[in-house]
Each structure stands twice: as structure tokens, then as C-alpha cells.
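In what follows, every chain begins at residue 1, and chains take the letters A, B, ... in the order their sequences are listed. Bear in mind the structure is a predicted one, so any value in this text is a computation, not a measurement.
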Number of protein chains: 2
Amino acid sequence: MAIKERKEREKQDMRNLIIDSATQLFLKQGYDKTSIRNIAEDIEYSPATIYLYFKDKDEIFYIIHENAFEILDKLLRQHNSISDPYERLHELGKTYVNFALENPDYYDLMFVMRAPLAEIKHKEKWSAGECAFGYLLETMAACIDQGLIKPADKFVAAMTVWSFVHGLVTLYIRERTCILEMPDEDVRQMMNASLSHFLTQMKT
Amino acid sequence: MAIKERKEREKQDMRNLIIDSATQLFLKQGYDKTSIRNIAEDIEYSPATIYLYFKDKDEIFYIIHENAFEILDKLLRQHNSISDPYERLHELGKTYVNFALENPDYYDLMFVMRAPLAEIKHKEKWSAGECAFGYLLETMAACIDQGLIKPADKFVAAMTVWSFVHGLVTLYIRERTCILEMPDEDVRQMMNASLSHFLTQMKT
DNA sequence: TGAATATAATAAACAGTGTTTAGTAAATCT
DNA sequence: AGATTTACTAAACACTGTTTATTATATTCA
């Protein structure tokens with residue numbers, strides 16, 4: 001009975017087709033303008049078909065959110081070879097901010113939007129986020145152990161760093177940096193200056 | 001011809017009626033569930049009537065967003081009497097975070113949601129935000145002048161502080177602090193610890 | 001192979017959204 | 001009192017996410 005396996009494969013193919021189309025539309029037009037009907041039209045199926053493969057729109061965007069985390073995780077762990085944890089922290093910060101600025105829609109979905117939340121809660125564990133946060137936690141612990149930054153609980157220190165970079169990029173992505181009344185280029189330069197300033201402050 | 005003035009008054013009354021109803025519904029049920037039809041039913045008018053007083057839903061939420069800024073501004077400027085600028089900064093931080101945690105929907109509308117953005121851009125100036133940010137800027141300048149915090153450009157310093165507190169509260173409001181797998185009370189305590197840690201790091 | 005069954009896909013509908021248009025009733029002006 | 005402006009609304013438009021009943025196809029079993 002290889003038919004069952006083929007069917008399973010076909011089901012997965014269809015899921016991938018939907019996710020790929022949704023991702024493409026999402027990155028091109030944003031969340032709101034990526035409707036089930038849009039996706040359906042794009043893959044040349046009826047809207048109702050999508051509900052045979054995903055229970056709702058949010059589940060689709062939960063998968064996209066997971067894929068985005070995989071990308072970010074890979075980028076962050078590229079700096080694993082840097083032995084000095086403070087230096088690694090610096091690179092992690094730069095990479096995080098860069099990722100957010102270059103993939104604002106992904107970042108929004110990962111850390112701002114409520115769309116994937118239902119699924120996260122449903123799963124009782126935000127594993128995608130845990131992976132990235134865990135890596136930050138490790139780095140902070142190493143920094144503290146080696147006395148490279150001002151002493152603090154590693155959770156508190158990690159939350160402080162994450163909060164700062166998250167705040168920095170979300171103020172930009174959600175267009176609140178308009179308050180600076182600067183050209184976009186200057187704003188980005190100021191963000192870099194702010195990141196450096198923050199990390200210098202941390203140092204012992 | 002006092003009729004014209006009475007009409008003008010009545011127009012303003014109607015605008016207030018709509019805003020009051022919208023605000024009430026918004027704080028009770030959130031943005032998405034506050035529909036034009038809901039507001040219309042609440043004030044016992046037809047949905048179309050609302051469009052005689054506001055050009056679209058976003059304009060209504062722009063007004064609510066402005067009102068929220070008035071509340072935050074008053075809270076922040078309560079600390080004007082504190083002469084030591086670093087101490088004042090500390091109180092500003094605590095007040096800001098408290099405001100966000102106690103009024104998450106207001107905070108969301110002010111600093112995260114895209115709803116009021118069209119109007120902000122249309123007006124070419126985000127005066128509501130400028131007022132609060134200006135106050136932070138003053139305080140930072142005073143801190144730097146008196147050598148209370150590590151030297152930096154006042155804009156960079158202000159952006160750093162704002163980014164941190166904004167990140168801290170938005171990770172909480174948009175439910176990303178679930179990663180800590182802590183009871184809500186502990187998360188809030190950690191947020192306080194993080195704020196203190198951040199402000200201590202700034203000190204010379 | 002042919003009838004019965006299980007699967008896949010869809011058309012159409014439901015209940016909602018923001019917004020616009022055309023038409024009516026009331027208040028104001030001449 | 002008649003003409004005109006103002007205030008309001010019913011109904012429609014073009015969407016949205018989602019569900020249900022139906023049909024066509026593929027698979028299984030006798």
C-alpha cells in the first residue's frame with residue numbers, strides 16, 4: 001500500500017504550495033493584503049481547499065513565522081566561532097538589527113504581530129523563539145562569567161539586551177522614528193550609534 | 001446669526017460623542033472589534049452618519065491616540081519638580097513602563113499600531129509624540145551636561161533609552177515574554193529589574 | 001471488471017468589515 | 001409660504017475569514 005505514502009507526500013506538497021504562495025504574497029504585500037482568496041487564486045484552487053490543509057489563516061502564518069526563525073537562527077549562529085562572548089554579543093546585536101531592517105515583514109510577524117500567537121499558545125511552547133533566545137542567554141552567561149559586562153542575573157541581562165534591540169527596530173519598522181525628523185539614512189546611522197552606545201555601556 | 005455657532009457646537013458635540021463611544025469600545029474590546037457599525041449602534045445613529053464627522057476609521061483612532069498622549073504627557077511631567085535629572089530620568093522610565101502596562105491598548109495605539117500613521121504623515125508632524133520625546137530629550141541633555149551619565153549625543157542617548165523601555169513593554173504587550181516561561185508576576189518583576197539594571201548601566 | 005466507498009475539490013452562503021451613493025425628512029433662509 | 005440647505009439613513013459595493021452541502025474523482029473490495 002504505497003498509495004497512502006504517496007497521498008501523504010501529495011498532502012505535504014500541497015501544504016508547501018500554499019505556504020510558498022502565502023510567503024511570497026506576504027513579503028510582497030504584507031499580512032492584511034494576503035487574503036485566503038488571494039492565495040487560492042495564486043495557486044489556482046478554490047479558497048475552501050486551503051481549509052483542507054490548514055485550520056485557519058493564523059496557522060499558515062505560524063508556519064511562515066517558524067520559517068523566518070530558522071533564517072534568523074542560522075544568521076545568529078554564524079557567529080558561533082567568535083570565542084570572546086562580548087565580541088560575539090556585539091555581532092549578534094548587529095546581525096539582529098540588520099535582519100529586522102532587511103526583513104521588516106518577517107520581523108513583524110516574529111516579534112510584533114498577534115497572528116501566530118494562538119498557535120504558539122496552543123503548542124504550550126514557543127520553540128522557535130526559545131532557540132534564538134537560548135543562544136542569547138548562553139552568550140550573556142559567558143559574558144557575565146568572564147566579567148566582561150556589569151554583573152547581573154543572566155535572564156535580566158538577556159531581557160535588557162533583547163528589549164533594547166527589539167525596541168530600536170520596532171520603533172523604526174512601525175514608523176515612530178519619524179519623530180527624529182531626519183532623512184532615513186541618518187535615522188539608520190543613529191540606530192547604529194545607539195546600538196554601539198548601548199553595548200559600550202554594558203561593558204565593565 | 002448665532003445659529004451657525006450653535007451648529008458648530010453641535011458638530012463638535014457629535015464628534016465628541018463618537019470619540020467617547022469609540023474610546024470606550026476600544027478600551028473594552030480592542031481595535032479590531034471596535035467597528036464603525038459597533039460605534040454607530042452604541043450612539044444610536046446609522047454607520048454612514050459617522051462618515052459625516054470623520055473621513056475614516058483611522059481618523060477616529062488618530063484622535064484617540066492624541067488623547068492618550070495627553071494622558072502620558074501629564075504623567076511624565078509630574079516629575080518636573082525633581083531637580084536631579086538622572087533621578088528624574090529614573091522616574092520617567094518607571095512612569096512610562098507603568099503607563100504601558102496599565103494601559104496596553106493605549107500604548108499599542110500610540111507606539112505600535114499603524115492605524116494613526118496615515119494621519120500623522122498627513123499632518124507632516126507627529127506633535128503628540130514630539131512633546132513627550134522632547135521632554136525626554138531635555139532630561140537626557142541635562143544628564144549629559146551634569147556628567148551624570150556616560151557621555152553621548154543627546155539624540156543617541158534619548159533613542160537608546162526610548163528603545164529600551166519601548167522594547168521592554170512591547171515584548172510584554174505583544175506576548176513575547178512568554179519565552180521566559182514564568183508566571184506573569186515574575187515577568188513583571190524581571191521587567192522592573194531590567195529597567196533598574198539598564199539605568200544603572202547608564203550612570204557614570 | 002463493476003459496484004461501493006472514501007477522498008479531494010468546490011460553489012455558494014454566512015456573518016462580518018470599511019466605505020460610498022442616492023434619496024428622504026427636517027431645519028433654515030428668503 | 002416656498003425654496004434651499006443641512007442632517008441623516010437605507011441600501012449597496014467590494015472586500016474579509018470561514019463553513020456547509022454537493023459534485024467529481026480516485027481507491028477499494030467483491
Whole Å only: how far is the [atom1] atom of [X] from the [atom2] atom of [N]?
X	N	atom1	atom2	result
B:I43	D:dT9	CD1	C1'	13 Å
B:Y45	C:dT24	OH	P	21 Å
B:Q29	C:dG16	CD	C1'	14 Å
A:L17	C:dA9	CG	C1'	14 Å
A:D32	C:dT17	CG	P	16 Å
B:K33	D:dG17	NZ	C1'	14 Å
B:E44	D:dA7	CD	C1'	17 Å
A:E41	C:dA9	CD	C1'	17 Å

Closest to the A:S46 side chain, choosing from D:dT9, C:dA11, C:dT28:
C:dA11

Taking the side chain of B:A48 as heavy atoms from C-beta outward, which of C:dA27, C:dT10, C:dT20 is closest to it?
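The closest nucleotide is C:dT20.
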
Are B:Y107 and B:Y96 an aromatic pair, judged by ring center distance below 6.0 Å?
yes

Hey, would you say the B:F111 and B:F69 ring centroids sit under 6.0 Å apart?
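Ring-ring flag for B:F111/B:F69: true, centres closer than 6.0 Å.
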
Aromatic plane relationship, A:F99 with A:Y106 - under 30° parallel, 30 to 60° tilted, over 60° perpendicular:
parallel

With nearest nucleotide decided by heavy atoms, which residue, B:I36 or B:K7, maps closer to the 5′ end of DNA chain C?
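It is B:I36 whose nearest nucleotide is closer to the 5' end.
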
Apply side chain to side chain contact (heavy atoms under 4.5 Å, CB included) to the pair A:Y135 and A:L92, showing each step before the final yes or no.
CA-CA 10 Å; A:Y135 191 53; A:L92 288 182; 3.6 Å; yes

Should B:F164 and B:F198 be marked as a ring pair (Phe, Tyr, Trp, His ring centres under 6.0 Å) after you check the CA-CA gap, both sets of side-chain angles, and the distance that decides it?
CA-CA 8 Å; B:F164 168 72; B:F198 174 82; 4.2 Å; yes

Can A:E119 and A:K55 be counted as an ion pair, charged N to O under 4.0 angstrom?
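Counted as a salt bridge, because a side-chain N and a carboxylate O are separated by less than 4.0 Å.
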
Does anything in residues 49-63 of chain B reach DNA chain D, meaning a heavy atom under 4.0 Å, and if so which residues?
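Per residue number, the list reads B:T49, B:L52, B:Y53.
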
Please test A:E91 against A:K94 for salt bridge (charged side-chain N to carboxylate O under 4.0 Å, His left out), starting from the C-alpha separation and ending with a verdict.
CA-CA 5 Å; A:E91 289 307 311; A:K94 285 201 281 186; 3.4 Å; yes

Counting only distance, no hydrogens or angles, is the base of C:dG18 paired donor-acceptor with the side chain of B:R37 under 3.5 Å?
yes

So, is B:S35 close to the C:dT17 phosphate, meaning a side-chain N or O under 4.0 Å from OP1 or OP2?
yes

